[in-house]
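Worth knowing before you read on, the calculation uses all heavy atoms, side chains too, and leaves out hydrogens, waters and symmetry mates. Letters A, B, ... are given to chains in the order of the sequence lines, protein chains preceding strands, and every chain is numbered from 1.
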Amino acid sequence: MSIYDTLNPEQKKAVLHDKGPLLILAGAGSGKTRVLTYRIAYLIEHRNVNPWNILAITFTNKAANEMRERVDKIVGAGAENIWVSTFHSTCVRILRRFIDRLGYDRNFTIYDTDDQKTLMRDVCKYLDIDTKRIPEKSILNAISKAKDELISPEEFEKRAGHDYTQRKYAAAYMEYQRRLKASNALDFDDLIFKTVELFMNDKEALTYYQNRFRYIMVDEYQDTNTAQFKLIHLLASGINEYGEREYNICVVGDDDQSIYKFRGANIYNILNFEQAFPNAKVIKLEQNYRSTKNILNAANEVIANNKGRKQKTLWTDNEEGEPVSFTLFESDFEEADRITSEIKRVVESKQASYNDFAILYRTNAQSRIFEEKLVLKNIPYKIIGALNFYARKEIKDILAYLKTIVNGKDDISVKRIINVPRRGIGLATIDKVNDYAVLNDISFYEALVRARQIPGLERTASKIEPFVSLIEGLRSSINSDSYDLTGIIDDILNATGYLKELEEEGTQEAEERIDNIYELKNKLVSYVETAEIPTLNGFLEEVSLVSDIDSMDESKDNIVLMTLHSAKGLEFPYVYICGMEEGTFPGYMAINAENPEEEIEEERRLCYVGITRAQKRLSLSAAKFRMFRGEMHYNKPSRFIHEIPRHLLKITSPDKKTVYKFADDDFSKESGQTSAYHLSQTHYKPFVTPEPKNFGGSNLGTIDYGIGDTVKHVKFGTGIVTNIVAGGKDYEVTVDFPRFGVKKLMASFANLTKVD
DNA sequence: GTGTTAAAGGTTTTT
DNA sequence: CCTTTAACAC
């Protein structure tokens, strides 16, 4: 018996697929990573594929590391030659080798969102763009979108036509790009864009990688954007030794889990895969191995409300499990308090450990209140993505020094540190240097080197010179062979007096900053230890491309808190999804969008992702009111709650003492505008044992269901009885069907059957 | 050139 | 609510 016999028939088909394009539509929890790793092993073992010729692309480093680990385990020797990495890392690696062909230096810097903003501010100032009318952020957004769609500045300008705003965007894009190049820097989107550009313009580079990557696997394919699609399409279009194109590309995705449209993900990449790659084989993985029947059914019911999906129905052999629970709390405060207490209770009763729990929410801001409660109750926790370690001021300062050392053309970094710590170099001086640099077409740093020649800087030049020699000194030390790279941060701290300044401050905040800097040093040390050829640039690259989720450590016993987005690809025995209110989730941005239907569908997919993270128990909750931007907001429970059939839900009071069988009205589905005047009217009636429903009239027949019961209708499916009125010869039964809304039916015609 | 304070403004989600 | 920017005193 081989390892492949442990797969189900569909999984096996996917693993044993030979050549040509393959689309695996893998539902949540259907074992897609397993299929991918087994497929890699199969190719190597049984198809004589050289590990060297395999490329596996994921979206996060965490996913890449996991795949690497699993592949290592089943492939064994040779596995290290498989290229497993994220889109962005893959592109950096390619560009470090070939970007000189596009006129950049190979030691280019990667700009993060902060750097982008700073650069764009300069651009707007230079172009006289009124940022009150056109904010930098919206320009950057437009540029990012353009890059995702492979639209160059020139093309953008063409398309702008005579539209005023569009022309401004175009001009900003042009100048922004010019400055990036002058700074020898690339932003995140450029990493993909420039790699595609390289491949389009340089046949040699393209052929090199086409020959190298004969087999390509892409995970989370539904989240690829147009540029990423183009990239893998180019790579997969190589010609084999018989002069044929094989398109050995295997993508794994789930259109129902596409949640990154805002980041440019193009859903048509997956929906039209078969058109883009003729003769593509499609395999659906529909068996879920993760969740209980109740959880999976809830997920299926919710996602069924979306249109335009690839048809598939997830099923499971797992046990029924508990019903999904829903609790409506009074406030966000109570929500956080009760949930954290409940988790603590479960853990203390030894039924589970903290790392079995995840608390998921729509926005990062929601983590705050949980954090307060967790600290108060001494519960170990880890918040993912709240504030990025690398976005902290002190870290960015040190990194700016490092970037300056590596790439002197990086004006943004040089300007950041020119007066940090204070050297008495102010705005006036910086402006003069800047003007001189622009005039002479040199970088800001080069202008600093020539400070003495800059008119009007006779006095401040003496303040600039020590800075220049400081950088020069550091630069020459890292270039000496005997230099220990791990000492660079200490050298910076000592030479600049950065550390001393913090120490003298003596505040708690300063202490934390110092700790953070040492933390950064730790990361540098472990980088130097693990990297094959450690370089400063390599370290900076690693630092730029990490996401917070990469730092998640499953072996640590703490509750994890994160956004629903971050939770994709993960699973937990116990999952709490909180803030399930109209306006929070789905968010008000989606509700008030110009195309709400589309946006709500994306939110619904997000909800689907959230629900399907849970293995054993899923707890949903909402709060009647919640603090948002310092104000109280009263919101109705989310429409997504309504979309879960009542027979799958157990609705409990905040103290869990009362289990409601039936939720009264006002779970209405009209758009939940966030309004202080719109008090939540939701009340619950405690469940009363259904009395035999004999409503007096003896000529009436009897029915075996009552208010609060779940009943089944041939056409409308299951619903909950909200009212029964005896009228004449028949009962008028009001039923709330999650999918069809509230219907009034005559009992004798409707033929309703009770479900329990 | 630096430091402090008041007012304004703004938020999904992230590699 | 918290962060960022503007204004003003030193």
Sugar-phosphate, base or nothing in reach of [X], heavy atoms under 4.0 Å:
X	answer
F59(A)	sugar-phosphate
G587(A)	nothing
E602(A)	nothing
R626(A)	nothing
F87(A)	nothing
K137(A)	sugar-phosphate
N419(A)	sugar-phosphate
N364(A)	sugar-phosphate

So does K194(A) pair up with E197(A), basic N to acidic O under 4.0 Å?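 E197(A) and K194(A): salt-bridged.
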Test: E220(A) and K32(A) ion pair at under 4.0 Å: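 Yes.
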Leading and trailing nucleotides of DNA chain B with any atom under 4.0 Å from heavy atoms of chain A: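 Contact span on the strand: dG1(B) to dT15(B).
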Return each pair, listed once, that meets salt bridge (charged side-chain N to carboxylate O under 4.0 Å, His left out) where at least one residue sits in residues 411-427 of chain A; pairs must be two or more places apart or across chains.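 Found D122(A)-K415(A), D397(A)-R416(A).
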Excluding sequence neighbours, so at least two apart, what forms salt bridge (charged side-chain N to carboxylate O under 4.0 Å, His left out) with [X]?
X	answer
E554(A)	K62(A)
E598(A)	K261(A)
E571(A)	R290(A)
D148(A)	none

Span that lies between the C1' atom of dT5(C) and that of dT12(B), in whole angstrom: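 Those two atoms are separated by 24 Å.
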Per-pair distances, 0.1 Å, donor-acceptor, side chain in residues 128-138 of chain A, under 3.5 Å, sequence neighbours excluded:
unit_1  : atom_1 : unit_2  : atom_2 : d
D130(A) : OD1    : K132(A) : N      : 3.0
S138(A) : OG     : P135(A) : O      : 3.0
S138(A) : OG     : Y169(A) : OH     : 3.2

How do K132(A) and G385(A) order along DNA chain B: which one's closest nucleotide is nearer the 5' end?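 So the residue in question is K132(A).
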Closer to the 5' end of DNA chain B via nearest nucleotide, is it R422(A) or E599(A)?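 Comparing both residues, the 5'-ward one is R422(A).
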Earliest and latest nucleotide of DNA chain C, 5' to 3', sitting under 4.0 Å from a non-hydrogen atom of chain A?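 Going 5' to 3' along DNA chain C, contacts run dC1(C) to dT5(C).
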Below 4.0 angstrom, which residues in residues 426-436 of chain A have at least one non-hydrogen atom near DNA chain B?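 Within residues 426-436 of chain A, the residues near DNA chain B are G426(A), A428(A), T429(A).
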Taking ring pair (Phe, Tyr, Trp, His ring centres under 6.0 Å) as the test, write out the residues that go with Y268(A), two or more places apart.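 By the ring pair (Phe, Tyr, Trp, His ring centres under 6.0 Å) rule, Y268(A) matches no residue at all.
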Residues two or more places apart in sequence or in another chain: which of them pass side-chain hydrogen bond (donor to acceptor under 3.5 Å, both in side chains) with Y111(A)?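 If we apply the side-chain hydrogen bond (donor to acceptor under 3.5 Å, both in side chains) test to Y111(A), skipping adjacent residues, the hits are D410(A).
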For R605(A), give me all partners under side-chain hydrogen bond (donor to acceptor under 3.5 Å, both in side chains), at least two apart in sequence or on another chain.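 With neighbours one apart ignored, the set is E602(A).
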